[in-house]
**Student:** 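Okay, here's the structure, questions in a sec.
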Amino acid sequence: MARPKGENTLRKHFKLTEETAKILAERSQAENMNESEYIRYLLLNQSEHPRSRGLELEIMRLRNEINKIGVNVNQIVKNNNSHIYSNSDKIELKSQMHKAVDLMEHMIEIIG
């Protein structure tokens with residue numbers, strides 16, 4: 001993403017906490033960019049309507065909940081493959097799958 005030397009003509013100076021500076025350095029390095037390139041990349045690739053922090057937290061919560069449901073489903077499938085699958089497991093599987101679908105629909109509504 002390197003730009004030709006005369007194209008960037010303005011300089012902006014701003015302050016960061018040590019922790020924020022560390023995060024910037026780590027993330028830019030992970031993307032194989034210098035910090036200026038990484039900041040430009042973030043600015044130019046952000047949507048016009050960035051999501052609020054509250055929405056981001058809600059999405060993370062929903063993602064974690066769906067992950068937990070997936071773990072439960074995997075345990076039920078393991079029991080089935082071990083031939084210790086009971087009727088209560090079948091009922092629990094249906095319940096977990098409905099819960100996952102409901103959460104996914106809720107996430108789509110929030111993002112949407």
Side-chain angles (χ1 to χ4, degrees):
M1 185 167 178
R3 296 173 183 231
K5 277 202 180 237
E7 191 171 329
N8 295 326
T9 58
L10 298 175
R11 285 186 180 258
K12 297 287 183 179
H13 300 277
F14 51 93
K15 296 180 181 182
L16 301 172
T17 64
E18 287 185 30
E19 182 62 27
T20 305
K22 181 181 174 187
I23 292 169
L24 175 60
E26 290 170 356
R27 290 184 183 175
S28 63
Q29 186 176 25
E31 295 294 329
N32 293 320
M33 298 178 186
N34 66 40
E35 292 174 2
S36 293
E37 290 171 336
Y38 184 68
I39 290 170
R40 281 192 297 272
Y41 170 80
L42 291 175
L43 289 171
L44 296 173
N45 291 299
Q46 184 175 355
S47 68
E48 290 183 29
H49 306 289
R51 294 186 281 214
S52 69
R53 181 71 178 145
L55 178 59
E56 291 291 335
L57 292 173
E58 180 69 10
I59 290 171
M60 286 173 42
R61 188 189 69 74
L62 290 170
R63 184 182 302 137
N64 288 337
E65 188 67 26
I66 291 169
N67 185 51
K68 289 176 187 177
I69 292 168
V71 169
N72 291 342
V73 169
N74 285 339
Q75 290 172 347
I76 293 169
V77 170
K78 180 182 176 190
N79 288 342
N80 181 50
N81 292 339
S82 301
H83 305 291
I84 54 174
Y85 190 68
S86 68
N87 196 38
S88 65
D89 289 330
K90 184 177 179 181
I91 293 168
E92 180 65 19
L93 175 60
K94 276 187 169 181
S95 171
Q96 293 292 329
M97 294 304 291
H98 286 295
K99 188 174 180 183
V101 169
D102 291 343
L103 285 170
M104 298 272 284
E105 288 172 351
H106 182 63
M107 184 181 287
I108 290 168
E109 287 174 15
I110 289 174
I111 295 171

**Student:** Under a 4.5 Å side-chain heavy-atom rule over Ile, Leu, Val, Met, Phe, Trp and Tyr, are I69 and V101 clustered together?
**Tutor:** no
**Student:** When rounded to the nearest 0.5 angstrom, what distance separates CD1 in I91 from CD in Q96?
**Tutor:** 13.0 Å
**Student:** Is there a path of hydrophobic side-chain contacts, each under 4.5 Å between heavy atoms of I/L/V/M/F/W/Y residues, joining L10 to L44?
**Tutor:** no
**Student:** Does E18 CD have over 12 foreign heavy atoms under 6.0 Å away?
**Tutor:** no
**Student:** With sequence neighbours excluded, what pairs up with E58 under the salt bridge (Lys or Arg N to Asp or Glu O under 4.0 Å) test?
**Tutor:** R61
**Student:** Could you give the distance from CD1 (I39) to CD (E37), rounded to the nearest 0.5 Å?
**Tutor:** 11.0 Å
**Student:** Between CG of L24 and CG of N34, what distance do you get to the nearest 0.5 Å?
**Tutor:** 9.5 Å
**Student:** Measuring from L62:CG to D102:CG, what's the distance to the nearest 0.5 Å?
**Tutor:** 11.5 Å
**Student:** Please give me the minimum heavy-atom distance between M33 and Y38, naming the atom from each residue.
**Tutor:** SD-CA, 3.7 Å
**Student:** Go through the structure and list residues passing side chain to side chain donor-acceptor pair (under 3.5 Å) with Q75, not counting sequence neighbours.
**Tutor:** none
**Student:** Check whether more than 12 heavy atoms from other residues, nucleotides or ligands sit under 6.0 Å from atom CD of Q29, and answer yes or no.
**Tutor:** no
**Student:** Any side-chain heavy-atom pair from L16 and I23 closer than 4.5 angstrom?
**Tutor:** no
**Student:** If we only count heavy atoms from C-beta on, is the E65 to K99 side-chain gap below 4.5 Å?
**Tutor:** yes
**Student:** Please answer: with hydrophobic residues joined when any side-chain heavy atoms are less than 4.5 Å apart, are Y41 and L43 in the same cluster?
**Tutor:** yes
**Student:** Roughly how far, to the nearest 0.5 Å, is the CZ atom of F14 from the OG1 atom of T20?
**Tutor:** 10.5 Å
**Student:** Using 0.5 Å steps for rounding, measure from the OG atom of S36 to the CZ atom of R11.
**Tutor:** 8.0 Å
**Student:** Tell me every residue that passes side chain to side chain donor-acceptor pair (under 3.5 Å) with S82, counting only those two or more places apart in sequence or in another chain.
**Tutor:** none
**Student:** Hey, does M60 have a side-chain heavy atom less than 4.5 Å from the side chain of R63?
**Tutor:** yes
